[in-house]
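Working notes for the structure below.
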Amino acid sequence: MSHVNRTLCLLRGGVGACRTSSSLSAASEQGGGGGGGSGLILRSRSTDVYQNLALEDWIDANVDLQRRSVLLLWRNRAAVVIGRHQNPWTECDLQMMRRAGIPLARRRSGGGTVFHDLGNLNLTFFTSKKNYDRQRNLRVVTDALKRLRPGLDVQATDRLDILLDGQYKISGTASRLARSSAYHHCTLLYSSDRALLSAALRPAGRGVQSNATPSVPSPITNLRDRDPTLDWEDVLDALGDQYNSEFAFSATPTLVDPGDESAFPGVSRMAAELQRWDWTFGKTPKFSVQTTLDLTDDWSSRRSSAHLHMEVKNGIIERCDLDVPGDWLPAALSREFGSVLVGGRFCPNQVAAAAAELLQTQSGEMQTRLKRLHESVAALM
């Protein structure tokens, strides 16, 4: 049985599932450690944010974490990942992300919003709930970096961040606890695009009032900014070695493909669920929008404004009050526009679709002004 197959066999069924193989002893010893447990180190081949988040879900749901711990190392193409209880409209610039083709994902753990790209490493530590220890996991990261570069000043904080030189954040933490299992994941900024990170994580939503979990902004830097000679593969190797050392394992890193249904049955369905609008946006805690809309058009040099009040639950507009000056747009028309938005999603495409039919009933100046009102509302989304 190949090394990869042994690892997948252990993931899916434990040692018992491997008994038909003549390589049983090698498989069971591959990640063996002290205390009767064993460890596995997996490196994802995928750079798709939904596939990698789904792989986390799959491991959490299918691996016996009472008998086995897992370290998953993964990275994604540019993406923004929000915590389970967050509001994306207060965390990032969704319009900029749409223009740049940067996807948004909502993970199943709590915590704050993070930007992922190929210069950011993600580490997920899977354990039993009994062995859940975030400080110890972070020690794996800091000790690995110190062994690799003794001159690096890296320390974990009480907030479970990792700081470089005592002030720059290079790692943030989030976790999820189930009845008997847990996982803790953290980022590690190696050579991330800081300009793109800053642009994506610049909230653009105006007037949003929400009790959703807010992110805490911090000054950041990259490891490569501090030491340009630091090699990516060396960092991965050092983390794997330190994981084995810290937990008395002897695991050999294994490359896995989270898009492989034969290895991870059901993982594609999990990835599809994470891409659904009802999960990404619909799980946003209830919020309201109260703001002033600047109304300008080509028909008059006089500036005008309108007041908007919306209530949004599960991503659906439950209330939409528009106070538009009557001399700019007839009150009946502004009320009708507000009413067609109620019951629809809080998203620009939905607003455009709802407004399209109403726009066809108007012409000339009124159509232009109604379109301007629609664009002003959609710009909030």
Side-chain angles (χ1 to χ4, degrees), residues 46-54 56 74-122 169 172 174 185 187-210 212-220 222 271-285 287 289 291 293 310 312 314-317 344-353 374-381:
S46 177
T47 56
D48 180 278
V49 63
Y50 302 109
Q51 287 187 343
N52 282 321
L53 289 174
E56 283 191 317
W74 49 290
R75 61 176 173 169
N76 299 314
R77 299 184 298 276
V80 170
V81 182
I82 59 175
R84 184 183 184 108
H85 308 293
Q86 290 198 291
N87 183 320
W89 291 280
T90 61
E91 294 295 332
C92 51
D93 188 339
L94 290 169
Q95 290 193 53
M96 171 268 173
M97 290 165 57
R98 292 186 194 106
R99 291 193 300 269
I102 298 174
L104 175 72
R106 183 186 296 274
R107 61 179 182 267
R108 299 196 185 276
S109 63
T113 298
V114 290
F115 174 80
H116 289 187
D117 65 7
L118 297 180
N120 172 70
L121 177 65
N122 301 286
K169 184 175 176 179
H185 43 199
T187 56
L188 185 60
L189 290 173
Y190 171 76
S191 62
S192 192
D193 186 334
R194 289 194 290 158
L196 193 57
L197 181 155
S198 297
L201 299 189
R202 186 179 297 122
R206 291 186 290 113
V208 177
Q209 300 176 16
S210 172
T213 303
S215 296
V216 180
S218 302
I220 62 164
N222 287 306
E273 289 174 356
L274 292 170
Q275 296 181 63
R276 294 176 59 236
W277 194 96
D278 290 346
W279 169 255
T280 306
F281 295 98
K283 288 298 182 180
T284 302
F287 65 97
V289 180
T291 191
L293 305 174
M310 277 185 175
V312 184
N314 298 325
I316 303 300
I317 300 170
R345 292 175 174 179
F346 186 78
C347 77
N349 291 340
Q350 188 78 36
V351 171
H374 144 240
E375 290 171 347
S376 297
V377 173
L380 302 173
M381 304 173 181

Do [X] and [Y] touch side chain to side chain, with heavy atoms closer than 4.5 Å?
X	Y	value
Pro348	Arg98	yes
Trp89	Ser210	no
Val377	Met310	yes
Asn120	Val114	no
Phe281	Arg345	no
Leu196	Met96	yes
Trp74	Gln51	no

Closest contact, heavy atoms only, [X] versus [Y]:
X	Y	value
Leu293	Ser376	CD2-O, 3.9 Å
Phe346	Val289	CZ-CG2, 4.0 Å
Ala200	Cys92	O-CB, 3.1 Å
Thr291	Gly207	CB-CA, 4.2 Å
Asp93	Ala199	CB-O, 3.7 Å
Ala105	Val49	CB-CG2, 4.1 Å

To the nearest 0.5 Å, tell me how far [X] [atom1] sits from [Y] [atom2].
X	Y	atom1	atom2	value
Leu188	Arg75	CG	CZ	12.0 Å
Leu121	Ser192	CG	OG	11.5 Å
Leu274	Thr280	CG	OG1	7.5 Å
Lys283	Ile82	NZ	CD1	12.5 Å
Phe115	Asn76	CZ	CG	10.5 Å
Leu380	Leu94	CG	CG	11.5 Å

>> Quick one: does any side-chain atom of Thr284 pair with a main-chain N or O of Asn87 as donor and acceptor, under 3.5 Å?
In response: no
>> Let's go through Asn122 and His185 carefully: what are the C-alpha distance in whole Å and the side-chain angles of both, what is the deciding distance for side-chain contact (heavy atoms from CB on, under 4.5 Å) to 0.1 Å, and is it a yes or a no?
In response: CA-CA 7 Å; Asn122 301 286; His185 43 199; over 6 Å; no
>> I'd like to check the side-chain hydrogen bond (donor to acceptor under 3.5 Å, both in side chains) partners of Gln86; sequence neighbours left out, ordered by chain and number.
In response: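 Expected list: Glu91, Thr113, Ser215.
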> Does any pair with a residue in residues 100-122 pass salt bridge (charged side-chain N to carboxylate O under 4.0 Å, His left out), and if so which ones, sequence neighbours excluded?
Replying inline: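 Of all non-adjacent pairs touching residues 100-122, those that pass salt bridge (charged side-chain N to carboxylate O under 4.0 Å, His left out) are Asp57-Arg108, Arg108-Glu273.
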